[in-house]
Amino acid sequence: MEKADCIFCKIAAGEIPSKTLYEDGRFRVILDLKPATRGHALILPKEHAANVYELPEEAAAESMKLAKKMAMLLRDKLHCDGLNLVQNNGEAAGQTVSHFHLHMIPRYKEDGQKINWIPSNPTQEELETVRKEIAE
Ligand code: 5GP
Ligand code: ZN
């Protein structure tokens, strides 16, 4: 069901035009308007979910299946040297559009892009504390 004020709902439904790479009953894959690299694509489920927490499990599984298919297509057609899958949830994580989307960012040797984090150096004890907090 479409959410009235959601731009990605409208794009996914075809009500707002987009550079569409692929479409089926449940998804639309579009080119990002402000791409990180050549071929930067977004996988949009047609059913509104704000983020990964709201996304139904089946749609999550289908998104990754489609990502696999699109990865092969991007590699074969654009001859990229690598590919980042990125998915942001919440403002703190850099999410700017509150409709689940999976970024597919083709990478090229010396493309100058930065998508990586700054690694930290926790002790074994700190790692164990967080492991317990999550898994016990
Ligand atoms: P986020 O920061 O939420 O993970 O990513 C949102 C992405 O959507 C950004 O990369 C931005 O360039 C892209 N975007 C925002 N509005 C539009 C739009 O109207 N059309 C398209 N094709 N991409 C958009
Ligand atoms: Zn939406």
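Counting starts at 1 for both ligands and their atoms, following the listed order.
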> Does ligand 1 have a heavy atom under 4.0 Å from the side chain of Asn88, from its backbone, from both, or from neither?
Replying inline: side chain
> Which residue holds the protein heavy atom closest to atom 17 (C) of ligand 1, what is that atom called, and what is the gap in Å?
Replying inline: Phe8 CE1, 3.9 Å
> Can an N or O of Gly94 be found at a distance shorter than 3.5 Å from an N or O of ligand 1?
Replying inline: yes
> Any side-chain heavy atom of His101 sitting closer than 4.5 Å to one from Leu44?
Replying inline: yes
>> I'd like the atom name of the N/O/S atom in His48 lying closest to the Zn ion (ligand 2).
In response: ND1
>> When you compare the side chain of Leu31 with that of Ser18, does any pair of heavy atoms fall below 4.5 Å?
In response: no
> With respect to atom 3 (O) of ligand 1, which of Leu31, Thr96, Asn89 exhibits the smallest heavy-atom separation?
Replying inline: Thr96
> Would Lys34 and Asp32 satisfy salt bridge (charged side-chain N to carboxylate O under 4.0 Å, His left out), going step by step from the backbone distance to the final call?
Replying inline: CA-CA 5 Å; Lys34 297 186 175 173; Asp32 197 297; over 6 Å; no
> Nearest 0.5 Å, what's the CG-NE2 distance between Asn51 and His99?
Replying inline: 11.0 Å
> Taking the side chain as C-beta and beyond, is there a heavy-atom pair between Gln113 and Arg107 under 4.5 Å?
Replying inline: yes
>> I want to know if ligand 1 touches Val97 in the polar sense, i.e. an N/O pair below 3.5 angstrom.
In response: yes
>> Using a 4.0 Å cutoff against the non-hydrogen atoms of Lys34, which atoms of ligand 1 qualify?
In response: 12 (O)
> Within a strict 4.5 Å, meaning less than it, do heavy atoms of the His103 and Leu85 side chains meet?
Replying inline: no
> Which of the atoms of ligand 1 are close to Ile11, meaning less than 4.0 Å from one of its heavy atoms?
Replying inline: 18 (C), 19 (O), 20 (N)
> Do any N or O atoms from the side chain of Thr37 and from the backbone of Pro106 form a donor-acceptor pair under 3.5 angstrom?
Replying inline: yes
>> In the structure I gave you, are the side-chain heavy atoms of Pro45 and Arg26 within less than 4.5 Å of one another anywhere?
In response: no
> Side chain, backbone, both or neither: which part of Ile16 comes within less than 4.0 Å of ligand 1 when only heavy atoms are counted?
Replying inline: neither
>> Just so I know, are the side chains of Tyr108 and Arg38 near enough to count as touching, which here means a heavy-atom distance under 4.5 Å?
In response: yes
> Is the shortest N/O to N/O distance between Gln95 and ligand 1 below 3.5 Å?
Replying inline: no
> Of the protein's non-hydrogen atoms, which lies at the shortest distance from atom 5 (O) of ligand 1, and what is that distance?
Replying inline: His101 NE2, 3.0 Å
> Does the N or O separation between Ile7 and ligand 1 drop below 3.5 Å for any pair?
Replying inline: no
> Of all N/O/S atoms in His99, which lies nearest to the Zn ion (ligand 2)?
Replying inline: ND1
> Can you check whether His40 has an N/O within less than 3.5 Å of an N/O in ligand 1?
Replying inline: no
> Just going by heavy-atom distances, which of Lys10, Lys19, His103, Glu91 is nearest to atom 4 (O) of ligand 1?
Replying inline: His103
> Heavy atoms, side chains only, cut-off 4.5 Å: are Leu21 and Ile30 in contact?
Replying inline: no
> How far is atom 18 (C) of ligand 1 from its nearest protein heavy atom, and which residue and atom is that?
Replying inline: Leu33 CD1, 3.6 Å
> Taking side chain as C-beta onward, heavy atoms only, is Tyr22 less than 4.5 Å from Ile43?
Replying inline: no
>> Please state which option from Ile30, Leu42, Asp32 has its nearest heavy atom closest to atom 12 (O) of ligand 1.
In response: Asp32
